[in-house]
Amino acid sequence: MPNLKLGDVVPDFKADTTDGSIQFHDWIGDSWAVLFSHPADFTPVCTTELGRVESMSGEFQKRGIKLIALSCDDVESHKGWIEDIKAYNNLSAFSYPIISDPKREVATLYGMMDPDEKDAAGMPLTCRAVFVIGADKKLKLAILYPATTGRNFDEILRVIDSLQLTATKKVATPADWKQGGSCMVIPSVKNEEAEKLFPKGFKVHDVPSGKQYIRTTEQPE
Ligand code: BEZ
């Protein structure tokens with residue numbers, strides 16, 4: 001991900017997808033978006049991943065997230081592959097677009113290329129990238145997985161819950177946090193401010209250093 005940093009406005013692009021041509025920023029509109037890439041069509045791990053995301057699409061929708069996948073092959077190939085994805089994953093519908101990127105233009109723009117993965121013709125392929133993008137079009141999260149490791153989309157939802165919570169509340173979420181779990185008061189908030197922000201209270205945890213930096217509170221509403 002050479003040029004894209006957290007907080008950057010993500011690059012806009014025009015592309016063909018299985019739902020027609022899109023201008024990416026217009027397509028995102030006022031929602032959040034998850035853009036996730038795949039090495040190639042008709043590959044086994046990708047087939048499980050796209051099916052899993054479709055089966056979880058209601059959960060993404062509840063969080064105001066639009067989904068869009070990318071694979072380097074063309075739209076006709078994507079459309080044929082979608083039938084396999086539906087059949088293998090027992091799905092009656094497939095509700096989100098897949099971007100076609102045969103020239104690797106979007107993949108290059110976003111730093112998704114995996115130098116070690118090549119197709120039969122020796123063309124480089126994308127890794128399994130995940131970009132979570134806010135309605136402000138800014139990058140909230142980026143993760144790269146190698147082609148041989150399928151993603152855990154429960155983790156992507158968990159992370160989105162944390163991103164959306166911490167975008168508006170002055171808390172951070174601890175290791176393995178899940179929706180409804182207790183949160184940490186962020187270090188920049190002084191105790192006097194924390195008392196106002198968290199009327200149900202917060203707990204300062206004693207540690208050997210004597211420094212009062214570990215403060216927990218219920219997840220704010
Ligand atoms: C897969 O989706 O199964 C896959 C794609 C490229 C390399 C390895 C696995």
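Just so you know, ligand 1 is whichever comes first in the structure, and atom 1 is the first atom listed for that ligand.
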Ser77 side chain to Asp41 side chain, donor-acceptor N/O pair below 3.5 angstrom: yes

Suppose I only count heavy atoms of Glu117 and a 4.0 Å limit; which atoms of ligand 1 are within that range? 7 (C)

Does His38 approach ligand 1 within less than 4.0 angstrom via side chain, backbone, both or neither, non-hydrogen atoms only? neither

Is any side-chain N of the basic residue among Glu54 and Lys86 closer than 4.0 Å to the acidic one's carboxylate O? no

Does any N or O of ligand 1 fall below 3.5 Å from an N or O anywhere on Ala147, backbone included? no

Just which atoms of ligand 1 are under 4.0 Å from any heavy atom in Val45? 1 (C), 2 (O), 3 (O)

Spacing of Ser182 atom OG and Trp177 atom CH2 [to the nearest 0.5 Å]: 10.5 Å

Atom 4 (C) of ligand 1 sits nearest the protein heavy atom Arg128 NH2, 3.5 Å

Answer yes if the side chains of Thr216 and His205 hold a donor-acceptor pair under 3.5 Å, and no otherwise. yes

Phe131, Phe153, Tyr110 screened by ring-ring contact (aromatic ring centres under 6.0 Å, His included) with Phe36, the one that passes: Phe153

Here's one to test your reading of the geometry: is the NZ or CZ of Lys66 within 45 degrees of the ring axis of Trp32 and under 6.0 Å from its centre? no

Taking distance alone, with no angle check, do Thr43 and ligand 1 share an N/O pair under 3.5 Å? yes

Compute the shortest N/O to N/O distance between Pro39 and ligand 1 and return yes if it is under 3.5 Å, no if not. no

Using a strict 4.0 Å cut-off to heavy atoms of Pro44, name the atoms of ligand 1 that fall inside it. 1 (C), 2 (O), 3 (O)

